[in-house]
Amino acid sequence: MNTYKIYLIFLFIMLLNVFAPQNTVAQCNDTLVKQAIFESGHDAVFLKEYKVKFKKGKANRPVRVAKYSTFLKDSTTYRFNVVNAKEYSGQLILQLYKKDKLLGSTYDLEGLKYNKSFDFECEETDTYQILMSFIEGKAGCAAAILSMVVNDSTNVKETQFPEKLYVGIENPLYIAYIDEPNCSVHVFSNQGTVEGQNGKYTVIPDTIGTIKITAQTIDSTGNIKGEISKEFIVEKMPIPYAGLNGNTGGLIYKSDLLNINELDLHLGNIPNPEKYKIINFTVSNKLLGISGKMSNNCKFTYSQKEVIKGLKEGEQLFIKNIKVKMADNKIIELKPLGFIIY
């Protein structure tokens, strides 16, 4: 590692240690920190540790949360690793926030999957918030570390896989080529259909798997002067999910919640996102049943805000019956969102 990188890493360590935790928690054994450092990878440089130990949550405070602040620099990739003590049943959830926006988590709320680490590519130099709690308020003891990735190979890995198309829908495809006199461009695939011209095409795959798109330059006599092919992965179209400023569940301040005016829709890389929209959703303090207040679009109504105002710390809020009109005009219901007010 050159002197410049060493200087930058040392500077980051100094800045990160300026920020102390906002609430004091019991200390866990340092062997957990050492294990987290070992598991962080050869391309990660250790910056800071966070240790937390909580007893089981109580009825009036089911989930206890440790809060920290950390300074992160733009154009830098950071990695968060957590290690749980084996003597406890609780699994640590580490969430990275900027104000009320969730940027990363060791718990995938959509897939209900627990992960021991995640990477975060920082795009803006600022102070960020780290929240640490145990799943379902269980007793737990854990350590987490923050590292800086100095040899990230993410881009190389991505280039090893073809891009994705989705079965049964129109996928836009752009092909760049140079016009040659007395020549035409012919684009076709080994499954589904391809339509379009002048570099702009629409591909509709028939089946899940792969599709091979071929573009040929053909002269006036029918001879092929040039050819290029590319293979794409074809998948079932992903189901969109809803969120509040990117947050799909967990702890949330009532004041922050009241400042959010609409439910947002996340489509990932689904083509033609403008064709999808939320047509209604319900706000309630109960997940089951028909209780609650409904909105007939993506925006919160006055009566829904009144429901939120009436909630107390520790109470639950559910956003359910989320209906979305898809690009093909079909209406689907998304999974509900669940929050705990604090």
Side-chain angles (χ1 to χ4, degrees), residues 108 110-111 113 121 123 153-243 245-246 248 262-281 295-299 321-335:
D108 179 5
E110 183 181 10
K113 181 181 178 182
E121 295 183 10
E123 297 180 351
S153 59
T154 302
N155 291 334
V156 174
K157 292 179 181 177
E158 288 179 350
T159 59
Q160 294 175 354
F161 299 94
E163 300 172 36
K164 296 179 181 179
L165 301 178
Y166 299 106
V167 67
I169 68 168
E170 296 181 352
N171 298 267
L173 179 68
Y174 300 92
I175 300 175
Y177 60 88
I178 299 174
D179 283 323
E180 294 188 28
N182 302 316
C183 287
S184 62
V185 176
H186 179 47
V187 180
F188 58 94
S189 63
N190 64 342
Q191 64 133 313
T193 62
V194 180
E195 297 179 353
Q197 58 183 351
N198 301 326
K200 297 181 180 181
Y201 300 88
T202 298
V203 182
I204 306 177
D206 288 333
T207 60
I208 294 172
T210 61
I211 183 173
K212 185 177 181 181
I213 309 293
T214 301
Q216 295 177 339
T217 301
I218 302 175
D219 64 19
S220 58
T221 61
N223 294 320
I224 299 173
K225 297 192 63 178
E227 178 179 296
I228 186 170
S229 296
K230 182 174 177 60
E231 192 172 71
F232 298 81
I233 289 176
V234 180
E235 293 184 349
K236 183 179 179 180
M237 188 177 67
I239 297 175
Y241 68 93
N245 285 351
T248 57
E262 64 182 55
L263 192 63
D264 42 55
L265 185 62
H266 298 267
L267 300 168
N269 294 320
I270 296 178
N272 306 315
E274 70 280 356
K275 294 184 178 181
Y276 300 77
K277 65 178 182 178
I278 296 172
I279 58 175
N280 64 255
F281 68 94
S295 169
N296 290 321
N297 50 48
C298 66
K299 298 186 180 298
N321 303 327
I322 307 169
K323 302 289 180 61
V324 172
K325 187 175 183 181
M326 308 284 277
D328 57 4
N329 292 323
K330 291 182 181 178
I331 296 176
I332 65 169
E333 182 172 339
L334 305 187
K335 64 178 293 185

List the atom of Ser189, the atom of Gly192, and the distance in Å for their closest heavy-atom pair.
-> OG-O, 3.9 Å
Once you round to the nearest 0.5 Å, how far does NZ of Lys230 lie from CD1 of Ile211?
-> 12.5 Å
More than 12 foreign heavy atoms under 6.0 Å from CD1 of Ile228: is that the case here?
-> no
Identify, with sequence neighbours excluded, every residue that meets side chain to side chain donor-acceptor pair (under 3.5 Å) alongside Glu123.
-> none
Tell me, please, which residues at least two apart from Asn297 pass side chain to side chain donor-acceptor pair (under 3.5 Å).
-> Ser295
Atom CZ in Phe281, atom CG in Asn321: separation rounded to 0.5 Å?
-> 11.0 Å
Closest non-hydrogen atoms of Ile332 and Pro240, given as atom of the first, atom of the second and distance, are CD1-CD, 4.1 Å
What do you reckon, is CD of Glu195 surrounded by more than 12 foreign heavy atoms closer than 6.0 Å?
-> no
Minimal heavy-atom distance between Thr207 and Val234, with the atoms involved, is O-CG1, 3.2 Å
Between NZ of Lys299 and CD of Glu262, what distance do you get to the nearest 0.5 Å?
-> 4.0 Å
Minimum-distance pair of heavy atoms, taken over all atoms of Val203 and Leu165 | CG1-CD1, 4.1 Å
Test item: Asn280 side-chain N/O and Asn296 main-chain N/O as donor-acceptor pair under 3.5 Å = no
Could you walk me through whether Val194 and Phe188 pass the side-chain contact (heavy atoms from CB on, under 4.5 Å) check?
-> CA-CA 6 Å; Val194 180; Phe188 58 94; 5.7 Å; no
dist Leu173:CG -> Phe232:CZ (nearest 0.5 Å) comes out at 5.0 Å
Of all residues at least two apart in sequence or in a different chain, which pass the side chain to side chain donor-acceptor pair (under 3.5 Å) check with Asp264?
-> His266
How long is the span from the NZ atom in Lys335 to the CD1 atom in Ile322, to the nearest 0.5 Å?
-> 10.0 Å
Is there a donor-acceptor contact under 3.5 Å from the side chain of Asn171 to the main chain of Tyr166?
-> yes
Excluding sequence neighbours, so at least two apart, what forms side chain to side chain donor-acceptor pair (under 3.5 Å) with Asp219?
-> Thr221
Short N-O contact, Glu231 and Lys212, less than 4.0 angstrom = no
Flag, side chain of Gln191 to backbone of Ile208, donor-acceptor distance under 3.5 Å = no
Shortest non-hydrogen pair, Leu263 vs Gly243, comes out as CD1-O, 3.5 Å
Taken to the nearest 0.5 Å, the spacing of His186 NE2 from Glu227 CD works out to 10.0 Å
For Val167 and Pro205, the nearest pair of non-hydrogen atoms, with its separation, is CG2-O, 3.5 Å
Contacts of Ile279 meeting side chain to side chain contact (heavy atoms under 4.5 Å, CB included) (sequence neighbours excluded), chain-then-number -> Lys277, Lys323, Lys325, Ile331
Who passes side chain to side chain contact (heavy atoms under 4.5 Å, CB included) against Ile204, sequence neighbours left out?
-> Glu170, Thr193, Thr202
